[in-house]
Amino acid sequence: MTKYLLEKFKELVPYTPGEQPQGGFIKLNTNESPFPPSERARERMKAAFDKLNLYNDPENAELTKVIARCYGLDKENVLVTNGSDEALAFLYIAYAEKGKPFAAPEISYGFYPVFSRLVGAEVKTFPLKEDFSVDEEAFIDCDDNVIFANPNAQTGTFMAVEHIERMLSKPRLVIVDEAYVDFGAQSVKPLVKSRDNLVVVGTLSKSRALAGGRIGFVIAAREIIDELKLIKYSFNPYNLGRAAEALAIGAFEDEKYFSECVSKVIEAREFTDKAVKELGMVTVKSQANFILMRAPGIDGGELKEKLMERGVLVRHFSTPGLSPFIRVTIGSMEQMKTFVKVLKNIISGA
Ligand SMILES: *Cc1c(COP(=O)(O)O)cnc(C)c1O
């Protein structure tokens with residue numbers, strides 16, 4: 001560390017992304033889609049290539065309109081971002097600081113505490129309930145701005161919309177990170193039309209098979225979108241490049257492919273949940289594209305290592321509460337059958 005780094009950043013603990021090995025593994029560790037992006041996205045991106053010498057539209061007007069149309073909203077309700085991580089960063093920069101934290105679930109997306117510390121806000125969390133679901137009453141009762149993923153990250157549990165509506169009746173921001181909502185949960189995006197304190201964050205990284213394209217978005221009342229634009233235009237006006245915008249438009253244009261991919265993931269998830277339970281695993285019921293699970297008698301870290309030795313990569317978190325578990329991304333049916341076979345061998349000691 002040099003003497004130049006500011007004091008306030010010396011203790012910063014950054015987000016730790018999942019491993020990204022170059023091939024050789026069945027990769028079930030970072031909740032990506034097992035399927036390639038839509039062909040339509042490829043065509044769109046090819047067409048964008050010829051204009052890459054020119055700056056992109058800083059408003060990303062075309063994609064903004066496509067997203068607004070997809071969710072039945074106005075383009076003024078949408079801001080596109082460089083991954084939803086950037087959307088979250090803008091939200092923390094705009095609305096959180098020391099003495100003004102966002103309350104979040106204790107077990108959730110690992111970036112929330114990182115952004116809190118980056119902007120100098122306290123890390124304020126509420127424990128999950130016994131069944132690993134988010135404690136909606138704690139969020140309804142508190143007066144802070146709140147943020148949570150729904151379905152929640154790492155657990156896959158889903159909070160019913162009626163609880164979110166109750167949170168919205170207080171004058172504070174309710175930020176719902178819907179990274180996994182397409183895998184069988186209910187979205188609160190339509191509520192943005194009538195609620196000026198609801199912020200929904202979305203991504204094309206999971207259900208639309210574009211993790212490497214880095215495309216996310218915010219859905220909110222016009223005033224909030226305008227405030228987030230203050231941050232965006234003070235930071236990185238061309239935040240979403242031409243290639244990414246073209247990919248995203250292509251992905252949204254191919255609804256058929258999108259729903260096919262999502263259905264396959266849901267089918268593979270239900271297969272996996274049942275199959276691993278038959279092997280004696282304990283699972284948390286998931287509405288997302290991953291399952292949190294543990295093997296009685298084997299620690300999560302050890303199980304992750306054993307799977308890795310056999311060519312299957314899953315995620316393990318050593319944080320309290322999660323260390324007995326592994327988080328397994330749902331891949332294709334074929335990948336999940338292999339995963340179950342490998343897991344069976346490990347459990348039976350073969
Ligand atoms: C994956 C994920 C994100 C980040 O998505 P990007 O759009 O790839 O930056 C945000 N929130 C949650 C809960 C996630 O799981």
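Every number for a ligand or one of its atoms is a count from 1 in the order of the listing.
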Next on the checklist: Below 4.0 Å, non-hydrogen atoms only: which portion of R214 touches ligand 1? Side chain, backbone, both or neither.
Outcome noted: side chain
Checklist entry - So, is the end of the R40 side chain (NZ or CZ) under 6.0 Å from the ring centre of Y257 and within 45° of the ring's axis? => result no
Item to check | Identity and separation of the nearest protein heavy atom to atom 11 (N) of ligand 1 | outcome: D177 OD2, 2.6 Å
Item to check | Identity and separation of the nearest protein heavy atom to atom 14 (C) of ligand 1 | outcome: K206 NZ, 3.0 Å
Checklist entry - Applying a strict 4.0 Å limit to heavy atoms, is G216 in contact with ligand 1? => result no
Next on the checklist: Tell me whether the rings of F235 and F90 are parallel (<30°), tilted (30 to 60°) or perpendicular (>60°).
Outcome noted: perpendicular
Next on the checklist: Do Y112 and V123 land in one hydrophobic cluster if side-chain heavy atoms of ILVMFWY residues count as linked below 4.5 Å?
Outcome noted: no
Item to check | Verdict with supporting geometry, Y15 and Y109, ring pair (Phe, Tyr, Trp, His ring centres under 6.0 Å) | outcome: CA-CA 10 Å; Y15 178 72; Y109 187 39; 5.6 Å; yes
Checklist outcome for this item: Of S84, P151, G18, the residue with the heavy atom nearest atom 5 (O) of ligand 1 is S84
Item to check | Exercise: do T157 and N152 side chains pair donor with acceptor under 3.5 Å | outcome: no
Next on the checklist: Using a 4.0 Å heavy-atom cut-off, which part of F111 comes near ligand 1: side chain, backbone, both, or neither?
Outcome noted: neither
Next on the checklist: Students should be able to answer this: which protein heavy-atom is nearest to atom 15 (O) of ligand 1, and at what distance?
Outcome noted: Y180 OH, 2.5 Å
Next on the checklist: Side chains of N239 and K232 only: does a donor on one sit below 3.5 Å from an acceptor on the other?
Outcome noted: yes
Next on the checklist: Does only the side chain of D85 get under 4.0 Å from ligand 1, or the backbone, or both, or neither? Count heavy atoms.
Outcome noted: both
Checklist outcome for this item: Under 4.0 Å from one or more heavy atoms of G83, ligand 1 contributes atoms 7 (O), 9 (O)
Next on the checklist: For a quick check under 3.5 Å, do N29 and K27 share a side-chain donor-acceptor pair by atom type?
Outcome noted: yes
Checklist entry - If you measure from each non-hydrogen atom of S205 to ligand 1, which part falls under 4.0 Å: side chain, backbone, both or neither? => result side chain
